[in-house]
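This structure is in structure tokens; I'll ask about it shortly.
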Amino acid sequence: MWFKRDLRVYDHPALCLAAGWGRVLPLYVAEPDYWALPDTSSRQWAFTAETLAGLRTDLAALGGPLIVRTGDAIEVLPRLCKQNAITRIISHQDVGNTWTRARDRRLAACVRDAGIEWKEVPLARGAQKCDDPALPAPRFQPIDGIEPGEIPPARALRLQADSCPHRQTGGRVQAGALLDSFLEHRGAGYLRSMPSPLKAERACSRLSPYLAAGVISSRSVVAASVARRATRPGGPWAANLRGFETRLVWRAPSAQSAQGMDRHAAPHLAGSPTSGALMEAWAQGQTGYPFLDACMRYLTASGWLNFKARAMLLSFATYYLGLDRSAVGNVLARRFTDYDPSIHWPQVQQHSGLSENGRLRGIDPVKQGLEHDPRGSFTRRWVPELAPVPDRFVHMPWIWPGAQSLLGRRYPEPIVDLATAAKEARAAIAPLRGETPPKTRRSRPAHLGQLALDL
């Protein structure tokens, strides 16, 4: 049983199938080449390592070990099969990214040549599957006498240190505690609070990292929410939990529809910068737009951000600054503890205006700040340089009468004029979409699948 993005024992169809076939060797392969990709980071590995420790405990309770190996899966899997007379590999299908899909194609050819059957079990998708009952954890007979192996530290995977002091901790126990607290009291203001990064930190379930790593299944979360809603019919709880369940149901098909999408497939702007002063200012939260900078600094410190703020960061970098979308996407991917390639990269295309249904409009960080943080409490928390700025100027400190003592000294002036940058972006992007640059474009509501990270 090869675990990938399904690090759990409950509601695990592939593990249940393996348990019914005979003795089982549960395996996780830490692949250095994967963790060397530009969209991976040590904060993601730290979360994964914590989750693997919990998975090892859960598997031990079922009667078997978790075998961990560090290396190339194409070498590790056939070698273990040969050493232990294993004739079948079972795993879940993994949408993954370009690298993992190419790895799986090579592995399929390798094990076929070795006479080994590889069964890939489809993950549960869509509303019908989420309505099915969750599977219990199976007991199984392990293959004995194999060294379990250590869960490698980040340095063994050649990962650079990545400070994330407020990162969520991986593991089933932590996921369960978050789900319980959300269904008990935190979710009461879910729909109303999720657009604001200040309120979303508490009002959202915060389960997205656990769903991305497969610590917990969407189906089991939906079942828990439906059961809780049955005890609270009507009123705000019913509406909030229904909204939560809808996003969970749409999360899986959104990921599935992204299968095969290469993040480099869409056209790009010739000459789009990938580095330099603009990229550095955006990545470090030093653009001179306070709400945007606060969101970037919060993401850097926590590994999480609500969907609306994620969209703003992407839009500002690719639309107003004209930065290369792949480089921008990699910066954000490395900072998201809940990074899921099948959701993230379609969003990069969506908010750079280059997907078929993408918006040809930037998200104004000043307007977002005024709407979602009118008193500036979130903004000042993460941009303490603005402490002396009065509330009415906090999102536009350049019009504050005392700006001369602040801008260019403790906090930068805006690195781009929004109106001018928007005009230039429309002129540059529209031809790539086969359009005449529009004067205005009304915003369209996001597909529910794109709101999955508001969970």
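Here the structure is a predicted model, which means the values were calculated and not measured.
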Q | All side chain to side chain contact (heavy atoms under 4.5 Å, CB included) counterparts of V173, not counting sequence neighbours | A |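 If we apply the side chain to side chain contact (heavy atoms under 4.5 Å, CB included) test to V173, skipping adjacent residues, there are no hits.
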Q: Among residues two or more places apart or on two chains, list those pairs meeting side-chain hydrogen bond (donor to acceptor under 3.5 Å, both in side chains) that have a residue in residues 51-62.
A: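 Every side-chain hydrogen bond (donor to acceptor under 3.5 Å, both in side chains) pair that includes a residue of residues 51-62, provided the two are not neighbours, is D58-R172.
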Q: Can you sort out the partners of R69 under salt bridge (Lys or Arg N to Asp or Glu O under 4.0 Å), two or more places apart, ordered by chain and number?
A: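 R69: no salt bridge (Lys or Arg N to Asp or Glu O under 4.0 Å) contacts found.
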Q.
Could you check whether any side-chain heavy atom of V68 comes within less than 4.5 Å of a side-chain heavy atom of P148, counting everything from C-beta outward?
A.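 Not in contact.
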Q. Tell me, do P197 and F291 make a side-chain contact under 4.5 Å, heavy atoms counted?
A.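 Heavy-atom side-chain distance check passes, below 4.5 Å.
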Q. What pair of heavy atoms forms the shortest contact from W382 to A301, and how long is it?
A.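 It is CZ3-CB, 3.7 Å.
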Q. Without hydrogens or angle criteria, can the side chains of T318 and R325 be said to hold a donor-acceptor pair below 3.5 Å?
A.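 No, because no side-chain N or O of T318 sits under 3.5 Å from a partner of the opposite role on R325.
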Q) Which heavy-atom pair separates N240 from G189 by the least distance, and what is that distance? A)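 Taking every non-hydrogen atom into account, OD1-C, 3.8 Å.
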Q: Measure the OH-OH distance between Y289 and Y320 for me, rounded to the nearest 0.5 Å.
A: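 Result: 8.5 Å between the selected atoms.
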Q: For the pair F244 and F182, name the ring-plane relationship: parallel under 30°, tilted 30 to 60°, perpendicular over 60°.
A: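 F244 and F182: tilted rings.
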Q.
Treating R335 as the side-chain partner and A283 as the backbone partner, does any N or O pair qualify as donor plus acceptor under 3.5 Å?
A.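 Judged by distance alone, yes, a pair lies under 3.5 Å.
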Q. Can you find a heavy atom in the side chain of W99 that is under 4.5 Å from one in the side chain of D33?
A.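 Heavy-atom side-chain distance check passes, below 4.5 Å.
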Q) Can you tell me if CZ on R375 sees more than 12 non-hydrogen neighbours from other groups inside 6.0 Å? A)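 Incorrect, the count does not exceed 12.
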Q: Could you tell me which residues satisfy side chain to side chain contact (heavy atoms under 4.5 Å, CB included) with T100, sequence neighbours excluded, listed by chain and number?
A: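 Y34, D94, N97, R103.
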Q) Donor-acceptor pair, D11 side chain versus S217 backbone, under 3.5 Å? A)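 The answer is no, because no donor-acceptor pair under 3.5 Å joins these two groups.
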Q) Which value, rounded to the nearest 0.5 Å, describes the distance between Y210 atom OH and L178 atom CG? A)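 Rounded to the nearest 0.5 Å, the OH-CG separation comes to 5.0 Å.
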Q) When you look at V111 and D113, which way does the side-chain contact (heavy atoms from CB on, under 4.5 Å) test go after all the steps? A) CA-CA 5 Å; V111 297; D113 292 344; over 6 Å; no
(Q) Using 0.5 Å steps for rounding, measure from the CH2 atom of W45 to the CD1 atom of I151. (A)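 Here the rounded value is 7.0 Å.
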Q | Donor-acceptor pair, side chain of Q44 and main chain of F336, under 3.5 angstrom | A |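 Indeed, once roles are kept as given, a pair shorter than 3.5 Å links the two residues.
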Q) For the atom pair OG (S315) and CD (Q350), what is the distance rounded to the nearest 0.5 Å? A)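 Spacing of OG (S315) from CD (Q350) equals 10.5 Å.
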Q) With a 4.5 Å heavy-atom cut-off, do M296 and Q284 have their side chains touching? A)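 Not touching, per the 4.5 Å side-chain cut-off.
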Q.
Please check: side-chain N/O of R247 versus main-chain N/O of G243, any donor-acceptor pairing under 3.5 Å?
A.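 Yes; judged by distance alone, with no hydrogens or angles, the pair exists.
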**Q.** Nearest heavy-atom neighbours spanning F47 and V215
**A.**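 So the two residues come closest at CE2-CG2, 4.4 Å.
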Q: Quick one: do V249 and S218 satisfy side-chain contact (heavy atoms from CB on, under 4.5 Å)? Show the steps, please.
A: CA-CA 7 Å; V249 168; S218 294; over 6 Å; no
Q.
For D162 and R167: C-alpha separation, side-chain torsions, deciding distance, then whether salt bridge (charged side-chain N to carboxylate O under 4.0 Å, His left out) applies.
A. CA-CA 11 Å; D162 175 23; R167 176 182 62 80; over 6 Å; no
Q: Kindly indicate whether the side chain of L77, heavy atoms from C-beta on, has any atom under 4.5 Å from the side chain of L27.
A: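 When only atoms from C-beta onward are counted, L27 and L77 do touch, with a gap below 4.5 Å.
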Q. Between K308 and P195, which heavy-atom pair has the shortest distance, and what is it?
A.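 Where K308 meets P195 most closely, the heavy atoms are CB-O, 4.1 Å.
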Q | Check: T40 side chain, L37 main-chain N or O, donor-acceptor pair, under 3.5 Å | A |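 Here the side-chain-to-backbone pair exists.
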Q.
Any side-chain to backbone donor/acceptor pair from S342 onto G96? Under 3.5 Å, distance only.
A.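 Not a single qualifying donor-acceptor pair exists.
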**Q.** Main-chain N/O of A212 paired to D340 side chain as donor or acceptor, under 3.5 Å
**A.**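 Not a single qualifying donor-acceptor pair exists.
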Q. Do I90 and W21 pass the side-chain contact (heavy atoms from CB on, under 4.5 Å) test, and can you show the C-alpha distance, the side-chain angles, and the key distance before you say yes or no?
A. CA-CA 10 Å; I90 301 176; W21 275 359; 3.2 Å; yes
Q. Going by atom types alone, do D373 and T379 pair a side-chain donor with an acceptor below 3.5 Å?
A.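 Yes, a side-chain donor-acceptor pair sits under 3.5 Å.
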Q: Before giving the answer on side-chain contact (heavy atoms from CB on, under 4.5 Å), spell out for V221 and L179 the whole-Å C-alpha distance, their side-chain angles and the decisive distance to 0.1 Å.
A: CA-CA 8 Å; V221 178; L179 178 58; 3.9 Å; yes
Q) Taking atom types as modelled, is there a side-chain donor on R43 or T337 under 3.5 Å from an acceptor on the other? A)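 Note: R43 and T337 side chains miss the donor-acceptor criterion.
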Q.
Please check: side-chain N/O of E50 versus main-chain N/O of G170, any donor-acceptor pairing under 3.5 Å?
A.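 Such a contact is found between E50 side chain and G170 backbone.
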Q) With a 4.0 Å cut-off, would you call E201 and R381 a salt bridge? A)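 Salt bridge present between E201 and R381.
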Q) Counting only heavy atoms not in E371, do more than 12 fall under 6.0 Å of its CD? A)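 Enclosed: over 12 neighbouring heavy atoms sit under 6.0 Å from CD of E371.
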(Q) Please enumerate all residues that pass salt bridge (Lys or Arg N to Asp or Glu O under 4.0 Å) together with R5, with sequence neighbours excluded. (A)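 Salt bridge (Lys or Arg N to Asp or Glu O under 4.0 Å) list for R5, sorted by chain: empty.
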Q. Do other residues, nucleotides or ligands put more than 12 heavy atoms under 6.0 Å from the CD atom of Q160?
A.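 12 or below, so no.
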Q. Is there a donor-acceptor pair closer than 3.5 Å between any side-chain N or O of W118 and the backbone N or O of L107?
A.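 Such a contact is absent between W118 side chain and L107 backbone.
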(Q) Check this for me: does any side-chain nitrogen of one of D338 and R310 sit under 4.0 Å from a carboxylate oxygen of the other? (A)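 Looking at R310 together with D338, the answer is yes, because their closest N to O distance falls below 4.0 Å.
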Q) In Å and rounded to the nearest 0.5 Å, what is the CG to CG distance from L248 to L207? A)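 Answer for the CG-CG pair, L248 versus L207, is 8.0 Å.
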Q) Taking all atoms of both residues into account, what is the closest heavy-atom pair of I143 and R23, and its distance? A)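 Closest pair (atom of I143, atom of R23, distance): CG1-CB, 3.8 Å.
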Q) Are P13 and L135 side-chain neighbours, meaning at least one heavy-atom pair lies under 4.5 Å? A)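 Yes, close enough: below the 4.5 Å cut-off.
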Q. Ion pair present between E117 and R112, side-chain N to carboxylate O less than 4.0 angstrom?
A.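 Answer for the salt bridge query: no.
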Q | Any residue meeting side chain to side chain contact (heavy atoms under 4.5 Å, CB included) with D6, in chain and number order, not counting sequence neighbours | A |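 Listed in chain order: M1, F3, K4, R8, H12, H92.
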Q: Might you point out which heavy atoms bring R139 and A19 nearest each other, and give the distance in Å?
A: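 Taking every non-hydrogen atom into account, O-CB, 3.8 Å.
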Q) Any donor and acceptor pair, going by atom type alone, linking the side chain of D39 with main-chain N or O of A333 inside 3.5 Å? A)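 Not confirmed, D39 side chain does not pair with A333 backbone.
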Q: First locate atom OG of S208, then atom CH2 of W304, and finally report the distance between them rounded to the nearest 0.5 Å.
A: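 Separation between the atoms: 7.0 Å.
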(Q) Using side-chain heavy atoms (C-beta onward) and a distance below 4.5 Å, is I216 in contact with S220? (A)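 Counting from C-beta outward, I216 and S220 do come under 4.5 Å.
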Q. Side chains of I86 and I116: closer than 4.5 Å at any heavy-atom pair?
A.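 No, side chains not in contact.
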